[in-house]
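Since the structure comes first, as structure tokens, the remarks are kept for the end.
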Amino acid sequence: MNDFTMTTQQHPDRTVITVSGEMDLRTCPELAQAAFVVPLSGRTLHLDLSGVSFMDSSGLNLLVLLRRRLQAEDGRFAVAGLQAQPARLLELTETYELLTADAPDAGRLG
């Protein structure tokens with residue numbers, strides 16, 4: 001059983017969503033709903049994925065959609081804390097640097 005959890009922290013200049021569990025076809029709609037209701041215009045959205053052990057193409061697609069949303073709203077998007085399998089997925093699809101470039105400490109939230 002996948003114990004998927006999320007917490008959202010609002011800061012004046014950014015929103016941090018911490019995710020734990022698997023990012024897959026079943027759980028991504030919940031994360032998408034949480035991320036898309038947060039007002040982000042001109043702000044930064046950090047996704048802390050240090051608790052995510054598995055991500056499939058649904059998770060990757062969501063990350064790309066979120067990045068596009070932030071770009072359209074003049075905001076920044078960063079993925080941090082990647083475990084081995086999600087990091088490998090981003091490397092294989094050549095999206096690792098694209099999605100982690102704005103994260104402090106090379107993909108780790110400080």
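Bear in mind that the values here come from a model prediction, so they are computed numbers and not experimental data. Below, each value reflects all heavy atoms present in this structure, side chains not excepted, and no hydrogens, waters or symmetry copies.
Y96 and L98 end up in different hydrophobic clusters when Ile, Leu, Val, Met, Phe, Trp and Tyr side chains are linked at under 4.5 Å. Connection of F36 to V19 is established within a shared hydrophobic cluster, with ILVMFWY side chains joined at heavy-atom distances below 4.5 Å, either directly or through further cluster members.
We find the CZ-CG distance between F77 and L65 to be 9.5 Å, quoted to the nearest 0.5 Å. Atom CG of L62 sits about 10.5 Å away from atom CG of D56, to the nearest 0.5 Å. To the nearest 0.5 Å, atom CG of residue L49 and atom OG1 of residue T18 are 9.0 Å apart. Here CE of M55 is found 7.0 Å from CG of L60. Values are rounded to the nearest 0.5 Å. Annotation: the span from I17 atom CD1 to T8 atom OG1 amounts to 4.5 Å, rounded to 0.5 Å. Here the CG atom belonging to L31 is positioned 6.0 Å from the CG atom belonging to L47, to the nearest 0.5 angstrom.
The shortest distance between side-chain heavy atoms of L25 and S58 falls below 4.5 Å. The shortest distance between side-chain heavy atoms of R67 and L99 falls below 4.5 Å.
In this structure, Q33 places its CD atom where only 12 or fewer heavy-atom neighbours from other residues, nucleotides or ligands lie under 6.0 Å away. Counting heavy-atom neighbours within 6.0 Å of E97 CD, excluding the residue itself, gives a total of 12 or less.
No hydrogens or angles considered: nothing links the side chains of Q83 and S53 as a donor-acceptor pair under 3.5 Å.
Annotation for A87 and L82: closest pair CB-CB, 3.9 Å, computed over non-hydrogen atoms. Between C28 and M23, the closest heavy-atom pair is SG-C, 4.1 Å.
The main-chain N or O of E22 is found under 3.5 Å from a side-chain atom of T27 such that the two form a donor-acceptor pair.
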Stepwise side chain to side chain contact (heavy atoms under 4.5 Å, CB included) test for D13 and R43: CA-CA 6 Å; D13 62 337; R43 297 180 63 202; 5.8 Å; no
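For T44, the side chain to side chain contact (heavy atoms under 4.5 Å, CB included) test picks out R14, H46, R76, with sequence neighbours left out.
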